[in-house]
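The structure under discussion appears below in the form of structure tokens.
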Amino acid sequence: MAEDKEDAIEEEEGTELELEALYRRYCVRLKHSLFVSALCVTLLCCAALLCAVCVLHSHELSSQVKAIATLSVITFVLLVVLAMALLPAAAEWEALALTGSVLVTHCLGAGTLMATHHAPLPLFALILMVHTMMPIARRIALIMSAALTLAYMGLAIGLGPEGQEEQFYQQLICELALLLSASGIGLYYRVLTERAHRNTFAGTRTCLEQRVKLECEREQQERLLLSVIPAYIAAEVSD
């Protein structure tokens, strides 16, 4: 009796581990699909921006060499990362997800800071993307968003105007608050999303367990009927 109880406990623990592994795989695949979608949208925006720069400045391309080169490099990196992310085993490869996320964040962050060193809105969108659409751990997302914020602040201070420093620092504080709010919003959304996924998975699991339990009880009742009364009578009763 004790051995049967231990076997049941071990079987239940094994089932718990299998369900937890299934939930983790579901979360990994969901984050991977979000990352691929973000890559596609960002790639289309970069390609459209590159075409717009080439068309609008077709008579003076020599003055736009820096912008064209930056957009070309970003587009190429996004294409490479997207091609790697579309590989069959890419969703299960954590090192590839981390490398792709770091490359995309570095390229987009560097391009944004080079193009608009005093315009935090594109960086706001990038920080939100880091927290909500990249397949990386929460700690890594915080480190990357903090690095983007510090790089922006350092560049803004380094290239800041010499006069009207009080007004400049007031604006810089507002921009810092905006970037920090991007991290806060991203973290809040991520926590709520993970909690919703966990609740949904737990509800589905409960429904499946109840259905299996009902099926087991039904089979037990049928065996009990067959052991007590003849089979043709039991069939009529069960019908």
Side-chain angles (χ1 to χ4, degrees), residues 21-57 61 64-117 119-149 151-152 155 179 182-183 185-187 189-194 196-197:
L22 181 63
Y23 173 72
R24 289 179 181 176
R25 184 178 298 178
Y26 164 76
C27 291
V28 167
R29 291 191 175 276
L30 182 61
K31 290 181 180 179
H32 179 73
S33 63
L34 286 174
F35 184 53
V36 171
S37 301
L39 285 176
C40 292
V41 173
T42 309
L43 182 60
L44 288 175
C45 292
C46 289
L49 187 58
L50 179 60
C51 293
V53 170
C54 293
V55 171
L56 294 176
H57 300 277
L61 289 178
Q64 300 295 326
V65 172
K66 182 179 178 181
I68 293 174
T70 302
L71 288 172
S72 300
V73 171
I74 293 174
T75 303
F76 175 75
V77 172
L78 290 175
L79 275 173
V80 172
V81 175
L82 180 60
M84 295 173 65
L86 292 177
L87 293 175
E92 306 293 335
W93 197 356
E94 295 182 0
L96 179 62
L98 178 59
T99 304
S101 300
V102 172
L103 279 175
V104 171
T105 304
H106 180 76
C107 288
L108 292 177
T112 301
L113 293 175
M114 289 173 61
T116 56
H117 63 273
L121 288 180
L123 210 58
F124 180 90
L126 179 58
I127 292 174
L128 281 179
M129 178 180 169
V130 168
H131 282 291
T132 60
M133 304 188 75
M134 289 193 177
I136 52 178
R138 192 181 304 174
R139 184 183 71 256
I140 299 175
L142 279 172
I143 293 173
M144 291 169 62
S145 61
L148 289 171
T149 303
Y152 176 81
L155 185 62
L179 296 179
S183 293
I185 293 170
L187 283 174
Y189 175 82
R190 183 166 183 166
V191 170
L192 288 183
T193 303
E194 290 176 355
H197 290 162

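No experiment lies behind these values; they were computed from the predicted model shown.
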- Task: Find out whether Thr99 and Met84 are in side-chain contact, i.e. whether some heavy atom of one side chain is under 4.5 Å from a heavy atom of the other.
- Result: no
- Message: Could you work out, with side-chain contact (heavy atoms from CB on, under 4.5 Å) as the rule, every residue matching Val41, not counting sequence neighbours?
- Response: Cys45
- Task: Please name all residues satisfying side-chain contact (heavy atoms from CB on, under 4.5 Å) with Leu86, sequence neighbours left out, ordered by chain then number.
- Result: Val36, Leu82
- Grab the two heavy atoms, one from Ile74 and one from Cys46, that are nearest each other, plus how far apart they are. CG2-SG, 3.7 Å
- To the nearest 0.5 Å, atom CG of Leu113 lies from atom OG1 of Thr70 at 11.5 Å
Under 3.5 Å, side-chain donor or acceptor atoms of residues 130-140 against the rest of the protein: list the pairs with distances, not counting sequence neighbours.
unit_1: His131; atom_1: NE2; unit_2: Ser145; atom_2: OG; d: 3.3
unit_1: Thr132; atom_1: OG1; unit_2: Leu128; atom_2: O; d: 2.6
unit_1: Arg138; atom_1: NH2; unit_2: Glu194; atom_2: OE1; d: 2.7

- Look up atom CG in Leu50 and atom OG in Ser72, then write down how far apart they are to the nearest 0.5 Å. 4.5 Å
- Query: CG/Leu49 to CG/Leu71 distance, rounded to the nearest 0.5 angstrom?
  - Reply: 5.0 Å
- Hey, mind stepping through Phe35 and Leu39 against side-chain contact (heavy atoms from CB on, under 4.5 Å) and telling me if it holds? CA-CA 6 Å; Phe35 184 53; Leu39 285 176; 3.7 Å; yes
- Taking every non-hydrogen atom, the tightest pair across Ala38 and Met129: CB-CE, 3.6 Å
- Query: What are the two closest heavy atoms between Leu123 and Thr112, and how far apart are they?
  - Reply: N-CG2, 4.1 Å
- Item | Distance-minimising heavy-atom pair for Val81 and Gly100 | CG1-CA, 3.9 Å
- Hey, what do you get for OG1 (Thr149) to CG (Leu179), rounding to the nearest 0.5 Å? 5.0 Å
- Indicate the atoms forming the closest heavy-atom contact of Leu148 with Ile127, along with that distance. CD1-CG1, 4.1 Å
